[in-house]
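What follows is a short report on a single structure.
Just the heavy atoms: all of them, side chains too, but no hydrogens, waters or symmetry mates, feed the values below. Keep in mind that this is a model prediction, so the values were computed, not measured. Every chain is numbered from 1 and lettered A, B, ... according to where its sequence line falls, protein lines coming before strand lines.
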Amino acid sequence: MAEITRRADDYSRWYQDVIQAAELADYSPVRGCMVIRPNGYAIWENIQRVLDDRFKELGHVNAYFPLLIPKSFLAREAAHVEGFAKECAIVTHSRLKTVLVDGKTTVVPDPESRLEEELIIRPTSETVIWDMYRKWIQSYRDLPILINQWANVVRWEMRTRLFLRTTEFLWQEGHTAHATAAEAREEALRMLEVYRWFYEEVMAAPVIAGAKTANERFAGAVETYSVEAMMQDRKALQGATSHDLGQNFARAFDVTFQDAEGARDFVWATSWGLSTRSIGALIMTHSDDNGLVLPPRLAWRKAVVVPIWKNDGEMSATVEAGRALAAALKPVAGVVPVDDRDKLRPGGKYTEWEQRGVPVRFEIGPRDVAAAQCVMVSRHDRKKTPVPLAGAARALADELARIQADLLRLAQGRRESATVRLERWDDFRALYEAEGGFAWCHWCGDGACEARIQEETKVSIRNIPLDREAETGACIRCGRPSAGRVVFAQAY
RNA sequence: CGGGGCGUGGCGCAGCCCGGUAGCGCACCUGCUUUGGGAGCAGGGAGUCGCGAGUUCAAAUCUCGCCGCCCCGACCA
């Protein structure tokens with residue numbers, strides 16, 4: 001069984017150990033890419049299910065656009081090319097041919113198959129989608145278009161970490177088209193709220209919803225919003241983003257429509273996305289030195305039954321009782337595995353299921369069978385509760401609700417204890433030379449000042465909270481007037 | 001791309017300095033004993049020592065070249 005480095009000893013190794021121990025992902029033969037293993041992919045499937053249902057309730061539909069994009073598309077929108085040019089994978093040839101090098105057969109791109117126009121592998125899909133929207137949109141009656149796609153994208157990053165930053169990652173990207181600026185802005189904020197809801201109610205991870213500063217804005221957006229979560233090492237992680245793209249992409253791809261009065265205007269746009277990075281956030285928000293901790297709403301298995309025995313007779317009795325228990329739990333928890341392996345003793349099984357983050361474990365031994373009960377143990381706090389077999393399903397439903405609420409409450413507590421309001425630059429520096437965290441501070445609004453702070457301390461403005469209170473003050477760095485506080489943190 | 005580290009059974013490592021039968025822990029297989037918090041014992045299978053040259057009677061070990069990976073930084077969802 002896997003050993004897990006303690007968080008206090010080496011946070012970054014702990015993170016990798018948890019992923020290995022829970023069998024969520026593995027490194028692939030290609031640098032920076034990862035294999036998402038069944039336990040990890042099941043979490044992603046749960047994320048997809050919940051979000052997809054929510055998107056559809058709001059009127060969005062799914063579609064699929066191609067992986068390959070003409071190279072020229074990226075250059076259409078000036079800021080967009082600036083943002084993505086440095087991390088694009090490029091397809092230049094359409095076939096290989098075998099050659100002999102030093103007596104060995106190998107393959108090289110066939111020079112005769114060089115593409116007329118090279119293709120890029122999408123780093124995001126705005127350009128292909130807006131190229132298609134030009135064909136689909138003529139009239140205000142064609143609007144709004146509310147399309148989402150579940151897809152993979154590739155961004156050639158210098159340094160990667162499992163889930164948090166991989167060369168290829170999975171995400172959903174919503175791309176909407178609207179007749180007015182106000183409608184687009186409303187959509188961007190509506191989807192931001194969906195992400196806030198998803199993080200807090202489903203992932204049990206508290207977030208700050210706000211607007212990004214101009215420096216941190218998406219390449220091609222007029223406004224970028226984000227939800228920002230705090231990890232257990234007090235660093236911030238951007239959980240999802242929603243962009244108001246204004247008319248930038250409509251202009252770049254010449255997408256216009258005629259309104260009811262016959263006037264012609266460019267279409268207003270949004271895009272918004274949440275990626276497999278959220279699984280990294282999930283791990284770093286709740287997990288502990290014993291391994292993965294998952295909120296029940298996203299757990300790939302919500303419960304497991306571990307029968308306990310000393311001899312063959314006890315084995316058949318407790319395994320049988322365990323199977324009956326698992327069947328009774330199914331309506332509440334879906335498939336509940338019964339761990340009847342004879343190769344591991346109970347303690348080994350507990351450790352293994354804990355490392356994998358299954359929220360609730362039921363232990364059932366000979367004494368329990370005799371008393372028609374079992375012992376319910378929750379993963380995150382190891383609380384043990386004897387439960388009559390007849391009432392187990394009900395007890396599990398209640399326990400799963402308690403765990404979900406507990407995890408959010410605990411994460412909120414950690415975030416609060418790592419959040420401060422600061423007024424003086426000395427205090428700011430001192431905070432980030434020591435333990436770090438979220439600092440709510442006044443800022444003058446000048447991007448140059450923001451950049452200087454980041455240069456000096458590696459601390460950035462995570463966002464400008466939407467619900468910040470109106471309060472004037474002096475910029476933490478330069479002292480110039482400020483209209484309100486922004487949230488600073490070191491970020492992943 | 002800059003700095004640091006590492007490539008040896010599936011995983012983690014020792015052996016290298018000082019060349020001479022490839023080893024340890026975990027995992028795996030078989031058997032017996034175990035089983036209410038990471039089981040014990042016995043036996044067994046599994047490695048062209050990252051790749052390529054060179055030196056040598058002899059290379060995991062020495063020399064040169066190449067490749068790859070991990071960590072820290074700049075970039076980023």
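Using a 4.0 Å cut-off, some side-chain N or O of A:Q16 falls inside it from OP1 or OP2 of B:C71. The phosphate of B:C72 (OP1 or OP2) has a side-chain N or O of A:S12 nearer than 4.0 angstrom. For the pair A:K343 and B:C28, the criterion of a side-chain N or O lying under 4.0 Å from OP1 or OP2 is met. The side chain of A:R345 contributes an N or O atom lying less than 4.0 Å from OP1 or OP2 of B:G36.
Between the NZ atom of A:K235 and the C1' atom of B:C76 there is a distance of 13 Å, given to the nearest Å. Rounded to whole Å, atom P of B:G12 lies 11 Å from atom CZ of A:R13. Rounding to whole angstrom units, CG of residue A:D26 and C1' of B:C11 are separated by 10 Å. Remark: C1' of B:C26 and CD of A:Q355 are 13 Å apart, rounded to the nearest angstrom.
Residue A:W309 has its side chain nearest to B:U35 when only B:U35, B:G37, B:A77 are considered. Picking from B:G37, B:C29, B:U35 the nucleotide with the shortest atom distance to the side chain of A:K384 gives B:G37.
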Got a list of side-chain donor-acceptor pairs under 3.5 Å for residues 205-213 of chain A, not counting sequence neighbours?
unit_1: A:K212; atom_1: NZ; unit_2: A:E228; atom_2: OE2; d: 2.8
unit_1: A:K212; atom_1: NZ; unit_2: A:Q238; atom_2: OE1; d: 2.8
unit_1: A:K212; atom_1: NZ; unit_2: A:R462; atom_2: O; d: 2.9
unit_1: A:T213; atom_1: OG1; unit_2: A:E450; atom_2: OE1; d: 3.3
unit_1: A:T213; atom_1: OG1; unit_2: A:E450; atom_2: OE2; d: 2.5

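Around atom CG of A:D9, more than 12 heavy atoms belonging to other residues, nucleotides or ligands sit under 6.0 Å away.
Applying ring-ring contact (aromatic ring centres under 6.0 Å, His included) to A:W272 and the options A:F55, A:W171, A:Y225 leaves one that passes, A:F55. Evaluated for a side-chain contact (heavy atoms from CB on, under 4.5 Å) with A:V360, the options A:V377, A:V305, A:I403 yield exactly one hit, A:I403.
Side-chain atoms of A:H175 and A:E173 form a donor-acceptor pair, as typed in the model, at a separation below 3.5 Å. No side-chain donor from either of A:E77 and A:T127 sits under 3.5 Å from a side-chain acceptor of the other.
The nearest heavy atom of RNA chain B to A:T241 and to A:R361 marks one nucleotide each, and the one closer to the 5' end goes with A:R361.
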Quiz item: Starting at the 5' end of RNA chain B, what dot-bracket string do you get if Watson-Crick and G-U pairs under 3.5 Å are bracketed, crossing pairs use [ ], other-strand pairs use | and unpaired bases use dots?
Solution: ((((((((.[[[[.)....(..]]]].((((((.....)))))).....[[[[[..)....]]]]])))))))....
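B:G45 sits 16 Å from B:G25 when the P atoms are compared, rounded to a whole Å.
Between the side-chain ring of A:W171 and the base of B:A77, no stacking contact exists by the 5.5 Å and 30° definition.
With a 4.5 Å cut-off on side-chain heavy atoms, A:W309 and A:V319 count as touching.
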